[in-house]
Undergrad: 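Take this structure first; my questions come after.
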Amino acid sequence: MSASPGDTELYERIYQVVMQIPHGAVATYGDVALIVGGGCDGRIVGHALSELSPERALAVPWQRVINREGGISTAGLAQRQMLEAEGLIFSTDGRVSLVRYRWHGPDAAWAEAHGCRTLPPREEGEQLSLF
DNA sequence: GAATTGACGGGGC
DNA sequence: AGCCCCGCCAATT
């Protein structure tokens with residue numbers, strides 16, 4: 001079972017969560033991992049998205065998943081251009097304001113229906129430095 | 001089966 | 001702001 005067939009369901013779960021990210025919003029790898037739950041972590045999310053098939057990439061907005069720094073972890077400028085096309089503003093450091101674009105998490109009903117958990121409450125305005 | 005790597009995160013200094 | 005260390009799970013070597 002080196003093909004890890006049972007883990008495919010975990011990947012599908014990750015894809016389902018990523019597909020819930022609305023247009024113009026972003027989520028960190030850790031956030032997606034927390035929503036998926038089950039001991040999933042950011043690295044698994046990264047692997048799942050990296051193993052994403054081109055056809056599947058059309059349905060899964062993988063570009064809306066960024067790292068905790070609010071930056072792009074992928075190579076190339078493809079992801080950044082996709083986010084900019086959604087209206088996100090990148091700073092000179094190539095990062096976006098997480099406090100502004102961060103996804104608050106899936107709907108409570110959706111999370112429970114998919115056996116996932118919502119995002120823990122987060123303090124707003126911590127590092128809110130508007131410009 | 002151990003060691004390493006990876007589209008990571010958080011805490012501490 | 002930076003830097004370092006640890007944990008976490010999966011895939012690869």
Side-chain angles (χ1 to χ4, degrees):
Chain A
M1 301 177 160
S2 56
S4 61
D7 298 333
T8 304
E9 189 173 347
L10 172 63
Y11 278 47
E12 291 297 327
R13 198 176 303 168
I14 294 175
Y15 299 150
Q16 289 293 328
V17 173
V18 174
M19 283 192 287
Q20 300 307 315
I21 305 177
H23 184 279
V26 293
T28 65
Y29 294 96
D31 288 345
V32 176
L34 286 175
I35 294 169
V36 173
C40 183
D41 61 272
R43 282 201 165 104
I44 308 302
V45 177
H47 274 289
L49 296 180
S50 64
E51 293 294 326
L52 200 58
S53 301
E55 293 182 357
R56 202 63 188 280
L58 297 176
V60 179
W62 58 270
Q63 63 273 16
R64 293 173 191 157
V65 183
I66 59 180
N67 56 31
R68 68 175 181 187
E69 298 178 354
I72 305 300
S73 298
T74 58
L77 300 176
Q79 186 173 6
R80 171 169 175 167
Q81 292 178 355
M82 286 170 126
L83 291 178
E84 286 179 334
E86 296 188 0
L88 276 73
I89 306 295
F90 279 80
S91 64
T92 55
D93 294 340
R95 301 194 297 178
V96 297
S97 181
L98 281 177
V99 296
R100 181 176 179 182
Y101 299 112
R102 197 177 216 183
W103 182 37
H104 55 78
D107 184 72
W110 185 96
E112 187 174 358
H114 286 73
C116 296
R117 48 179 296 187
T118 57
L119 225 51
R122 193 175 293 277
E123 300 268 343
E124 292 186 11
E126 279 187 5
Q127 301 176 340
L128 183 56
S129 59
L130 301 167
F131 294 84

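This is a predicted model, so every value here is computed, not measured. The analysis underlying the following values was restricted to heavy atoms, covering all of them including side chains, and did not include hydrogens, waters or symmetry mates. Chain letters run A, B, ... following the sequence lines, proteins first and then strands; every chain starts at 1.
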Undergrad: Rounded to whole Å, how long is the line connecting atom CG of A:L10 with atom P of C:dC9?
TA: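 Taking atom P of C:dC9 as the reference, CG of A:L10 is at 11 Å.
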Undergrad: Using heavy atoms and a sub-4.0 Å distance, could you list which residues of residues 82-94 of chain A are near DNA chain B? By number, please.
TA: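 Listed by number, there are none.
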Undergrad: CD of A:E69 versus P of B:dA7: gap in Å, rounded?
TA: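 Value for this atom pair: 15 Å.
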Undergrad: For A:W110 and A:H114, take the angle between the two ring planes, folded into 0 to 90°, and tell me which bin it lands in: parallel under 30, tilted 30 to 60, perpendicular over 60.
TA: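 Aromatic pair A:W110/A:H114 classed parallel.
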Undergrad: Given the C1' atoms of B:dG1 and C:dT13, what is the spacing between them in whole Å?
TA: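 Rounded to whole Å, the distance is 12 Å.
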Undergrad: What's the shortest heavy-atom distance between A:D31 and A:R102, and which atoms?
TA: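 The pair with the smallest heavy-atom distance is OD2-NE, 2.8 Å.
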Undergrad: What integer distance in Å separates A:L49:CG from B:dG6:C1'?
TA: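 It works out to 13 Å between those atoms.
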Undergrad: May I have the distance from A:I14 (atom CD1) to B:dA7 (atom C1'), rounded to whole angstrom?
TA: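 Nearest whole value for this atom pair: 12 Å.
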Undergrad: Show me the donor-acceptor pairs, under 3.5 Å and distance only, between side chains in residues 77-89 of chain A and residues at least two apart or in other chains.
TA:
unit_1 : atom_1 : unit_2 : atom_2 : d
A:Q79  : OE1    : A:T74  : OG1    : 2.7
A:Q79  : NE2    : A:Q63  : O      : 2.8
A:Q79  : NE2    : A:V65  : O      : 3.0
A:R80  : NE     : A:E84  : OE2    : 3.1
A:E86  : OE1    : A:G24  : N      : 3.2
A:E86  : OE1    : A:R64  : NE     : 3.0
A:E86  : OE2    : A:R64  : NE     : 3.0
A:E86  : OE2    : A:R64  : NH2    : 3.0

Undergrad: How would you list all residue pairs meeting side chain to side chain donor-acceptor pair (under 3.5 Å) that involve residues 44-57 of chain A, not counting sequence neighbours?
TA: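 Found A:E12-A:R56.
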Undergrad: Do A:V45 and A:V26 share a hydrophobic cluster (ILVMFWY, side-chain heavy atoms under 4.5 Å, transitive)?
TA: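 No, no single cluster joins them.
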Undergrad: With rounding to the closest Å, how many angstrom separate the P atoms on C:dG7 and B:dA3?
TA: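 Straight-line distance between the two P atoms is 16 Å.
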Undergrad: Quick one: A:R13 CZ to C:dA10 P, roughly how many Å, whole number?
TA: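 Atom-to-atom, A:R13 to C:dA10, this comes out as 11 Å.
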Undergrad: When rounded to the nearest Å, what value does the distance between P atoms of C:dC6 and B:dA7 take?
TA: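 Roughly 22 Å separates the two P atoms.
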Undergrad: Polar pairs (N or O, both sides) under 3.5 Å between protein and nucleotides 2-8 of chain C?
TA:
unit_1 : atom_1 : unit_2 : atom_2 : d
C:dC8  : N3     : A:R43  : NH1    : 3.3

Undergrad: Would you compute the distance between atom OH of A:Y15 and atom CG of A:L10 and round it to the nearest 0.5 angstrom?
TA: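 That separation rounds to 9.5 Å.
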Undergrad: Provide the closest heavy-atom pair for A:G71 versus A:N67 in the form atom of the first, atom of the second, distance.
TA: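 So the minimum-distance heavy-atom pair works out to N-OD1, 2.8 Å.
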Undergrad: Rounded to whole Å, please give me the gap between CD in A:E9 and C1' in C:dC9.
TA: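 So the two atoms are 17 Å apart, to the nearest Å.
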Undergrad: For the side chain of A:N67, starting at C-beta, report the closest nucleotide among B:dA7, C:dA10, B:dG9.
TA: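 Looking only at side-chain atoms, A:N67 lies closest to B:dG9.
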Undergrad: C:dT12 P sits how many Å from A:E51 CD, rounded?
TA: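 About 6 Å, once rounded to whole Å.
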Undergrad: Grouping I, L, V, M, F, W and Y whenever their side-chain heavy atoms are under 4.5 Å apart, do A:I72 and A:Y29 come out in a common cluster?
TA: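 Hydrophobic grouping puts A:I72 apart from A:Y29.
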Undergrad: Could you pull out all residues at least two apart from A:R95 that satisfy side-chain contact (heavy atoms from CB on, under 4.5 Å)?
TA: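 Only A:E69, A:S91, A:D93 meet the side-chain contact (heavy atoms from CB on, under 4.5 Å) criterion with A:R95.
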Undergrad: In residues 20-36 of chain A, which residues come under 4.0 Å of DNA chain B by heavy atom?
TA: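 Nucleic-acid contacts, sorted: A:T28, A:Y29, A:G30.
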